[in-house]
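Read through the structure below, which is laid out as C-alpha cells, and then see the notes.
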Amino acid sequence: YQRRVHGISRDSFDELETYFELINSLKPTAPFLVFGNKYDLEKSREVPTNEAEEYVAKKSSENYKGKNFFEGSALTKKNIAEAFEYLVLEISKYKNSQPKTEKSKGAGICSLL
C-alpha cells in the first residue's frame, strides 16, 4: 500500500523495488499483487502498461507465479473487486499449502503488507 500517489508516476513505480526487497526478506514465496491505480487518468501516465507488466512478471518468476498485475481505478471501480478477490484467494491457497507448525496452528493472524 502506497499513499500520496497522484496518477501513475515513475517515482511510485520505481519504489516497488523497495517493497519487493522487504517481501523477499520476510516471505519470498508469498503471493503478491501490484495494482496500478488511476487508470482513468491515462494522460497522466508515466509508466506504460507493458513496462509494468514486464517488471511484475520478472518479479513473479523470482517470487510467486500468478497474475500479479492489475490496473484499475478507485474512481470508476475498474478491477477493484477483481484484484481484491484474486489476492484473497491466492493468500488462502498459499496459507493452505504451508506446513502447520505447533505455533501457527489456530493462530488466526493475518498480515498484509
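Here the structure is a predicted model, which means the values were calculated and not measured. For this chain, numbers begin at 1 and follow the sequence in order. Side chains included, hydrogens not; waters and symmetry mates left out as well; all remaining heavy atoms used.
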Is there a side-chain contact between Glu90 and Tyr86, using heavy atoms and a 4.5 Å cut-off?
yes
Is the Phe32 to Phe20 ring centre distance short of 6.0 Å?
yes
Output the distance between atom CD (Glu53) and atom CZ (Phe70), rounded to the nearest 0.5 Å.
11.0 Å
Pairwise side-chain contact, Asn68 with Val34, heavy-atom cut-off 4.5 Å (strictly under):
no
Between the main-chain N or O of Ala74 and the side-chain N or O of Asn37, is there a donor-acceptor pair closer than 3.5 Å?
yes
Please round to the nearest 0.5 Å and tell me the distance separating atom NZ of Lys59 and atom CD1 of Ile23.
10.0 Å
Report the distance from atom CZ of Phe35 to atom CG of Leu87, rounding to the nearest 0.5 Å.
11.5 Å
One should read off an interatomic distance between Asn79 CG and Ser73 OG, to the nearest 0.5 angstrom, of 10.0 Å
Under a 4.5 Å cut-off applied to non-hydrogen side-chain atoms, are Glu71 and Thr49 in contact?
yes
CG of Leu75 to CD1 of Ile80, rounded to nearest 0.5 Å, is 10.0 Å
State whether Arg10 and Glu51 are salt-bridged, where the test is any N-O pair (Lys NZ or Arg NE/NH1/NH2 against Asp/Glu carboxylate O) under 4.0 Å.
yes
To the nearest 0.5 Å, tell me how far Asp14 CG sits from Tyr55 OH.
8.5 Å
